[in-house]
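Residue numbering restarts at 1 for every chain, and letters A, B, ... go by the order of the sequence lines.
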Amino acid sequence: MAHVVNQVRRAFYRDSVALMRISRAVGALDGVASAALMIGSVTNKNLMRDAGLLNTDGEGAGPNDLIFAVSADGEAAAASALAEAERLLDAPAASEKGAGQWYPKSLDTALAQLPGANLALISVPGEFAAAEARRALNRGLHVMMFSDNVPIADEVALKQDARQRGLLMMGPDCGTAIIGGVPLAFANVIGRGDIGLVGASGTGLQEVSTLIARGGGGVSHVIGVGGRDLKQAVGGITTLMAFDALDRDPGTKQIVLISKPPEPAVAKVVLDRIAQSSKKVSICFIGVEDMPVPPNAALFSDLRSTAQSALSDKRIGWNAQPPAASELAARVARGRSRMQGLFSGGTMCAEAQVFFRRAGIAVASNVPIPGVRKADATAGDMHALLDLGDDEYTVGRPHPMIDATLRNRMLADALEDNRTAVILMDVVIGYGANADPAGELISALPPVNERKAVVITSVCGTEDDPQGYSRQVALLEDAGVVVAPSNAHAAELAIDVLRKLP
Amino acid sequence: METDKLLQMEVRVVNIGLREFARDLERCNVPVVHLDWSPPAVINPRISELLAKLGG
Amino acid sequence: MTVPTSGDAIAAANREALRRILASEPVLVDVRLAKDAIPQLPDRTILHAGPPIGWDRMCGPMRGAVAGAIVFEGWAPDLEAASRLAASGEIRFEPNHHYDAVGPMTGMTTRNMAVLVVENRAFGNRAFCTVNEGIGNVMRFGGNDREVIDRLKWMAAVAGPALGAAIRNRDGVPLKPLIARGLAMGDEMHMRNAACSSLILRELAGDLADTATRDLGRILRFVAGNDMFFLNVAMAMAKATVAPAHGIAHSTVVTTMARNGTDFGIRVSGTGDRWFTGPAQPAKGLLFAGFTEADANPDIGDSCITETVGLGGFAMAASPAVVGFIGAGTLADAIGYTRSMREITLGTNTDWALPTLDMMGVPTAIDIRKVLATGLLPVINTAIANRLPGRGQIGAGVVHPPLACFEQALVAFADMNGAN
């Protein structure tokens, strides 16, 4: 019987990632089933209540209070878990620049400290993000909003306001940008070149930009617009502004546009604008195989093809001999035939689905593209491609690109599961990501000779990323993990292996 | 055009939220100031509205 | 329906408020009995610290002080009769602030007490504060026995007139430059006044020797022995400085902060004489050995008039010594407090520069909008009083006004400026 305790600390704030790290550590203690430290906002309390972590003490917390919640197997375990949580919370930050590092609390003071500031990077909880963006736009700053869970009406109002001021409103839900060579939030170190990217999908931008870099190309700018920009209500405001800017930019000679399929009216507006450009445009609407596009543009349904187009059709392929699918199939323990895809990038998951759909192999997903089934209890033994960055998996947890705990647990479970033959994963490196994604993944694997399924990955990153592309690849290969040269190749190989199973 | 200026000039960032983002930018030698954000002390939406009207 | 005031009008009004505060020229010009110095001070009236309050809601130390003040004035023969008189409704209680006065802790001001007189030569207005009694068993902590009353009588009859004569003898003591020197010597003029107390004694010693007719030694020792002597001078100075900035239409600048041991009250330049109150908060800091939070009186006194003009907690960067005493942390934390206060003020006072902040002036002119927008409440350095009357100080710390004061003020301002 779960013993749930809550403790409330009044008028106390700490950022969500810091809290989640502590939650993770406390959740790993003996006798603790789960733990969460969250600010007492209505959203968070709903999440905690649904997770069975909230009692009347926690219910009484307000939006400026911190809730400690622990579910343990008894009073003693709960009490020591709470004590440990407090200890971790109150420990002086070792990584601070020095005792008494002072940060401004108001935008006015921040701007006084950094004259000429031109971009606000906003990653506060969603319910407060719009107000911060409004303030920033009022002060003439461009905005990149990493925050999500922002009401779409606010997004529309902010983008209209930004447009009127000639400022870029990137986001909400914009995880990636590279402006003038500067990586912002989750972004890779990409060599400078003349390819400009604009995208509604962070990991889509990361995959295409890193494929371009590894293929010898370079980027001028990578502009994220936020996941909903191409919805009818938003009308592509930021996409159009970004396209305009790249079109006018003398340093950009060709443009790449990446998105989930936009709603038809918006697609039309965007395509009409593309038609007015004299620059070559490679368009990726994930999963859209067929759509008329202007003469200066080409349409692709997957990220790899888009990157190849930007590289003037240079083929992206395996460095050496690709592994033989039959050989990999031979490693799979008898009787296993199921594929589990565990993705940290939503667009990677979507791209994998495109390949499975093209191959006519039935799959289920929690974020299905058309023609793919929704993953639920009735999906049974179907192959599954899961986006672990989607809301249902990130309740009270950091994004899987930051913290590998959940994905590693699912990886271990999948390997144990006697139906699993192939596991497909993306390993995203670069700024914002975990310090050693390959190492994290490997730590969840049994030794190769005990492994009953084949693990196939691709690494999304570059040599210049802090983690180093080839170092990460080497770590994975040394641990018996297959590393494909792109997410598309990984999906194709997975399909080949499945076809070779008895 | 402001957006053109952003693309031509050096990015100078005010980071509002996760401190990690500011640290990454510092590591890249990008001019950045981290703003120590916390939720508004004022929970009353009426007060927030008045503040917005009165230039707060 | 009022036409909404424009943002420009508010900005202009605030600029004027800041200008007036910075332009002040406070001079200590006299010490006189309150009945002679304070215009229109009615009889049977006790002025107290903080926003308006009645006998029933007064805390222990203030009731003790009231009883003592009544006996001092001779309105009752003893403390018991005094308390009954106080409860009867026959004595009027009013804030010091309603008479251009301020008083520390219980802040008792009555007709026959000696008060410091500070004149703001830039605008001609005056402000008043009783003379500091010293430490321990004093009326400002609720003391009311024979010792307290006799001392007050001596101050009114001997020390006060002597100080007044000395001050008049040299045409007053300009206070701004003296405070500037104090800031460079570790004072912040609220909890730390040792330097300025010494400086002002040096200023007046010669004149005292020339003009005092009796008790010169006792008077000198009375001033010299009190590290907090200058607090009351600083308070009157601050009141005289901020008063001309009050009453500017459309200004959101705070012109009064004060507590009565039960409520904390603020007043704002553009909202007239309305008080905006909330519960007085507990201070966070260090208590002397043997005392716990249960012994502490809620926040009390007009002394945060010093913070209202950029001193005290706002100038914490000047006071390495006070940091440890009030439990605020390290020097870096003290500097951090001042930098945070800069976020809620409109400007700085370059006449009062802070060496530890590269000569940045003290943060001046608190804007209620910035307090609400940032959630940063003014930080006040304060003594913590024993909740039992007459027992004195039990510690020191940092305290804030309740946010409610600023919220109420904003609503009132919005009503008056067509924004609601």
Side-chain angles (χ1 to χ4, degrees), chain B, chain C residues 2-15 250-254 268-271 276 278 281 333 336-337 339-340 342-346 366-378 400-420:
Chain B
M1 178 100 258
E2 288 305 319
T3 310
D4 294 354
K5 270 198 240 157
L6 178 68
L7 300 189
Q8 297 337 322
M9 293 168 41
E10 140 183 274
V11 171
R12 296 167 71 82
V13 181
V14 178
N15 184 55
I16 306 172
L18 300 174
R19 205 166 294 184
E20 282 303 325
F21 290 159
R23 291 209 190 103
D24 285 343
L25 288 166
E26 279 163 17
R27 261 189 270 164
C28 293
N29 285 324
V30 173
V32 55
V33 58
H34 176 70
L35 190 152
D36 182 18
W37 186 87
S38 52
V42 173
I43 307 162
N44 184 337
R46 181 170 166 238
I47 301 279
S48 306
E49 214 186 290
L50 290 179
L51 255 188
K53 278 194 204 162
L54 294 168
Chain C
T2 340
V3 174
T5 306
S6 70
D8 287 344
I10 298 174
N14 283 344
R15 273 195 302 274
H250 316 308
S251 171
T252 52
V253 170
V254 175
V268 172
S269 178
T271 51
F276 305 105
Q281 302 289 294
D333 292 329
Y337 274 115
R339 294 181 75 176
S340 292
R342 182 66 191 92
E343 300 217 61
I344 61 171
T345 51
L346 292 168
I366 302 163
D367 183 346
I368 60 172
R369 300 169 304 166
K370 287 178 180 251
V371 171
L372 291 166
T374 61
L376 288 166
L377 292 162
H400 304 286
L403 191 71
C405 295
F406 298 92
E407 291 180 328
Q408 289 168 34
L410 188 79
V411 173
F413 182 85
D415 286 340
M416 291 172 73
N417 287 274
N420 205 0

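In this structure B:Phe21 satisfies the ring-ring contact (aromatic ring centres under 6.0 Å, His included) test together with A:Phe146, sequence neighbours excluded. Looking at residues two or more places apart in sequence or on another chain, you find no salt bridge (charged side-chain N to carboxylate O under 4.0 Å, His left out) involving C:Arg339.
Considering only heavy-atom pairs separated by less than 4.5 Å from chain B, the leading option among C:Thr252, C:Val411, C:Ile10, C:Leu376 is C:Val411.
In this structure, the separation between OG1 on C:Thr374 and CG on B:Asp36 is 11.0 Å, given to the nearest 0.5 Å. Annotation: the span from C:Phe413 atom CZ to B:Leu50 atom CG amounts to 11.0 Å, rounded to 0.5 Å. Here the CD atom belonging to C:Glu407 is positioned 10.0 Å from the CZ atom belonging to B:Arg46, to the nearest 0.5 angstrom. For the atom pair CZ of C:Arg369 and CD1 of B:Ile47, the computed distance is 14.0 Å after rounding to the nearest 0.5 Å.
Looking at B:Leu54 and C:Leu410, their side chains come closer than 4.5 Å, going by heavy atoms from C-beta outward.
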